[in-house]
Amino acid sequence: MPTYPRPIASKLPNVGTTIFTVMSRLAQEHNAINLSQGFPDFDCAKALRDLVTKYINSGVNQYPPMAGIPRLRERIAEKVESLYGAKYDSENEVTVTPGATYAIFTAVTALVQPGDEVILFEPAYDSYAPSVEVNGGVPVYVQLRYPDYSIDWQQVGRAITPKTRMIIINTPNNPTASVFSGEDMRMLESILRGTDVVVVSDEVYEHIVFDGHRHQSVARFPGLAERSFVVSSFGKTYHVTGWKMGHVLAPKELMAEFRKVHQFNVFVANGPLQYALAEFMENRDAYLSLATFYQRKRDFFLEGVKASRFKPLPSRGTFFQNLAYDAISDERDTDLAIRLTKERRIASIPVSVFYREPPDHKVLRFCFAKSEETLAKGAEILCKI
Ligand code: PMP
Ligand code: GLN
């Protein structure tokens, strides 16, 4: 192939390969325990795999309806109503998507015009800023307060200008493992009252909230629900991150704009998987038991690293545990994460990569969506560092 002969005016000049790809690749190269990229090292339920086979063999292999099959949209609307008390019309207000990343990107693309400001919290999940920038939007950052990653709502209030089109929130939060309280949601609701700011609420870890707390979905708060896209992911809920299946809910006016983009971006999400998921969703226990399932893993990992020199930060939700290493090294977290992968064979994610200007916080993120065997091996290594 000859080289492309002209300079390219990149729409994302500062974007490289994601940290998840970088660290997972490095882990593989060095045969390290991979607690970096967030995905389970165990399989999904056999019943779910059997359903996929059943539906593929039953011949539902052509394009489903653009917004998703009605049966699945109905199950999603029912679930959201029973958990969060919000009624969404499955015909006009629920769309099945190829993953949550896609849903967030499409919501931003549908609503954000060049020059519009979008408020993001830092540290920010890595897909948010590129989604905004590729659409000509301008990210405006509000810092979460280290080390508890709480929100300064006055600062959020000050960040809102006449150009603010959107705010992207994420609870339970990746990478901080913090969760919004009901009070956080009420603050957001009151700050946005009277504005036309749209909320994109990334709730992919909605079923993974620990210690008896409940997930604060924007759907619970009418003043937020009326202006929000609520995004979730089957990948996290059913241990199938590779399926890239998710969903989004929004009032019909917002959803109509979403679908204008969606129908030309992908048209529709994978069909047979939708049939399988719709049937599997009838078993409510599969998602209602997820918090207990992951809390046990969190506690197993915490017990394992108790004797180490790492200091755990609170993990209130998600499947991530952050460990501070102030007592161990002065190195930057990016250097340490690479060195530990190569020399100690344990891979993690340096949290500073989720900031534009890396702060001097000494924190590594570890994924505990792993078998106890993997977690025990990982913890044993960490105890020797
Ligand atoms: N948002 C957050 C906060 C995530 O952690 C993830 C998972 N990697 C996603 C979105 C993406 O989910 P999906 O794989 O369904 O696109
Ligand atoms: N969300 C996952 C994580 O935080 C990774 C997803 C991805 O690789 N893009 O680790």
Side-chain angles (χ1 to χ4, degrees), residues 15-28 34-41 44 68 76 95-108 120-132 144 149 168-180 199-209 215 217-218 229-249 262 265-266 269-270 273-274 277 287 290 294 315-322 337 341 347-355 363-370:
V15 164
T17 309
T18 83
I19 189 69
F20 308 118
T21 304
V22 170
M23 291 311 299
S24 271
R25 194 187 292 150
L26 199 66
Q28 214 168 14
N34 187 5
L35 305 186
S36 64
Q37 190 178 22
F39 63 88
D41 74 344
C44 64
I76 294 165
T95 300
V96 180
T97 62
T101 314
Y102 168 95
I104 295 161
F105 187 89
T106 304
V108 173
L120 305 178
F121 292 94
E122 231 177 7
Y125 184 62
D126 69 340
S127 83
Y128 302 159
S131 301
V132 171
L144 297 178
Y149 298 110
I168 303 182
I169 62 172
N170 171 217
T171 183
N173 186 269
N174 181 8
T176 70
S178 60
V179 299
F180 275 44
V199 177
V200 170
S201 187
D202 178 348
E203 303 185 10
V204 298
Y205 301 100
E206 63 179 319
H207 301 299
I208 316 177
V209 177
H215 170 57
S217 173
V218 286
F229 289 97
V230 193
V231 176
S232 194
S233 172
F234 291 112
K236 315 287 165 187
T237 303
Y238 295 137
H239 316 309
V240 288
T241 60
W243 284 14
K244 297 301 302 185
M245 290 292 282
H247 55 81
V248 59
L249 298 91
H262 171 71
N265 202 3
V266 68
N270 181 300
L273 295 184
Q274 293 192 45
L277 287 165
Y287 51 84
L290 203 63
Y294 274 125
S315 171
R316 302 198 164 97
T318 73
F319 43 50
F320 302 115
Q321 175 64 56
N322 287 327
T341 310
S348 58
I349 295 287
V351 170
S352 72
V353 301
F354 300 103
Y355 294 82
V363 182
L364 297 175
R365 191 199 79 177
F366 294 84
C367 172
F368 55 78
K370 308 292 169 189

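Indexing begins at 1, ligand by ligand and atom by atom, following the structure's order.
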Counting only heavy atoms closer than 4.0 Å, does ligand 1 sit against the backbone of [X], its side chain, both, or neither?
{"X": "Asn173", "value": "neither"}
{"X": "Tyr205", "value": "side chain"}
{"X": "Thr101", "value": "both"}

Can you report which non-hydrogen protein atom sits closest to [atom], along with the distance?
{"atom": "atom 1 (N) of ligand 2", "value": "Tyr125 OH, 3.1 Å"}
{"atom": "atom 8 (N) of ligand 1", "value": "Lys236 NZ, 2.8 Å"}
{"atom": "atom 3 (C) of ligand 2", "value": "Phe20 CE2, 3.3 Å"}
{"atom": "atom 10 (O) of ligand 2", "value": "Gly38 N, 2.6 Å"}
{"atom": "atom 8 (O) of ligand 2", "value": "Gln37 NE2, 2.7 Å"}
{"atom": "atom 10 (C) of ligand 1", "value": "Asp202 OD2, 3.5 Å"}

Query raised in the report: Any nitrogen or oxygen of Ser36, main chain or side chain, under 3.5 Å from a nitrogen or oxygen of ligand 2?
Result: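 Between Ser36 and ligand 2, no N or O pair is found under 3.5 Å apart.
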
Requested in this report: Record the part of Arg365 in heavy-atom contact with ligand 2 below 4.0 Å; permitted values are side chain, backbone, both and neither.
Outcome: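 Near ligand 2, Arg365 shows its side chain, while the N, CA, C and O stay back.
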
Flag [X] as yes when one of its N or O atoms lies below 3.5 Å from any N or O atom of ligand 1, and as no otherwise.
{"X": "Thr241", "answer": "no"}
{"X": "Lys244", "answer": "yes"}
{"X": "Ser233", "answer": "yes"}
{"X": "Ala100", "answer": "yes"}

Report task. Would you please determine whether Asn174 falls within less than 4.0 Å of ligand 2 on a heavy-atom basis? Result ->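 Contact check Asn174 vs ligand 2: positive.
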
Report task. Tell me, please: is Phe39 in heavy-atom contact with ligand 2, that is, under 4.0 Å? Result ->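 Heavy atoms of Phe39 never come under 4.0 Å of ligand 2.
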
Query raised in the report: Side-chain donor-acceptor pair under 3.5 Å between Tyr102 and His262, yes or no?
Result: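 Their side chains do contain a donor-acceptor pair, which is all the 3.5 Å distance test asks for.
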
